[in-house]
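Data first, discussion second: the structure below is written as structure tokens.
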Amino acid sequence: MVIINLKLLSGYGLQQSTLQELKRESSVKRVDFEEGYINIYLDGLKKEVFRSYSVTLEEEEAVRNLRPAVVKVYDYYQTSDEAVADYSSPCAERDDVNDLLLERSEPPRSTSIKLKPD
């Protein structure tokens, strides 16, 4: 069993339809959402086989100097077999963008993340 553990970006929440979309994927066995984390459980991954999982986050609160969050993919039975990567929102990469976000009155923006295990 393989687990994809995704930490949400600070100030972002999970778009509710994302959980249902993930659960419809045939390779996904279970999806858990805990405060600030999503765990996606798979039966396994094979080398040379491309899999893509999409997660959509919505900005709930503007955060200055947004730091990247971590995605970790690991074997449930051998946790030392893991891959770790950072991701960030393309919507708020520069601090001047974050300054504008603090003053805006428009609806929150969404960020989609495509998970592509190696």
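We're numbering straight along the sequence, starting at 1. Hydrogens, waters and symmetry mates play no part in the numbers below; they use all other heavy atoms, side chains included.
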- For Ser80, what residues pass the side-chain hydrogen bond (donor to acceptor under 3.5 Å, both in side chains) criterion, not counting sequence neighbours? none
- Message: Run the salt bridge (Lys or Arg N to Asp or Glu O under 4.0 Å) test against Lys29 and tell me which residues pass, sequence neighbours left out.
- Response: Asp43
- Remaining members of the apolar cluster that contains Val84, side-chain heavy atoms under 4.5 Å: Val70
- Message: Is any side-chain heavy atom of Leu19 closer than 4.5 Å to one of Phe33?
- Response: yes
- Give a yes or no on whether Glu61 atom CD has more than 12 heavy-atom contacts from other residues, nucleotides or ligands under 6.0 Å away. no
- Message: Is the shortest side-chain heavy-atom distance between Asn39 and Ile4 below 4.5 Å?
- Response: no
- Taking side chain as C-beta onward, heavy atoms only, is Arg51 less than 4.5 Å from Ser27? yes
Sequence neighbours excluded and cut-off under 3.5 Å, please list the side-chain donor-acceptor pairs for residues 71-78, or say none.
| from | atom 1 | to | atom 2 | distance (Å) |
| --- | --- | --- | --- | --- |
| Asp75 | OD1 | Tyr77 | N | 2.7 |
| Asp75 | OD1 | Gln78 | N | 3.2 |

- May I have the step-by-step check of side chain to side chain contact (heavy atoms under 4.5 Å, CB included) for Tyr41 and Val28, ending in yes or no? CA-CA 6 Å; Tyr41 296 82; Val28 174; over 6 Å; no
- Message: Quick one: does any side-chain atom of Thr56 pair with a main-chain N or O of Gln15 as donor and acceptor, under 3.5 Å?
- Response: no
- Note on the structure: Between the CD atom in Glu60 and the CG atom in Leu8, the distance rounded to the nearest 0.5 Å is 8.5 Å
- Message: For a 4.5 angstrom cut-off between non-hydrogen side-chain atoms, does Glu58 reach Tyr12?
- Response: no
- Message: Could you report the tightest heavy-atom contact between Ser88 and Pro68, atom names first, then the distance?
- Response: CB-CA, 4.3 Å
- Message: Quick check: is Leu6 connected to Ile3 through a chain of hydrophobic side chains (ILVMFWY, heavy atoms under 4.5 Å apart)?
- Response: no
- Rounding to 0.5 Å, atoms CG (Leu45) and CG (Asp81) come to a distance of 11.5 Å
- Please tell me if the side chains of Ser89 and Leu57 come closer than 4.5 Å, counting only heavy atoms from C-beta onward. no
- Task: Could you list all the salt bridge (Lys or Arg N to Asp or Glu O under 4.0 Å) pairs where at least one residue sits in residues 6-20, not counting sequence neighbours?
- Result: none
- Query: Just wondering, do Tyr37 and Asp32 contact through their side chains at under 4.5 Å, heavy atoms?
  - Reply: no
- Item | With sequence neighbours excluded, residues passing salt bridge (Lys or Arg N to Asp or Glu O under 4.0 Å) with Asp86 | none
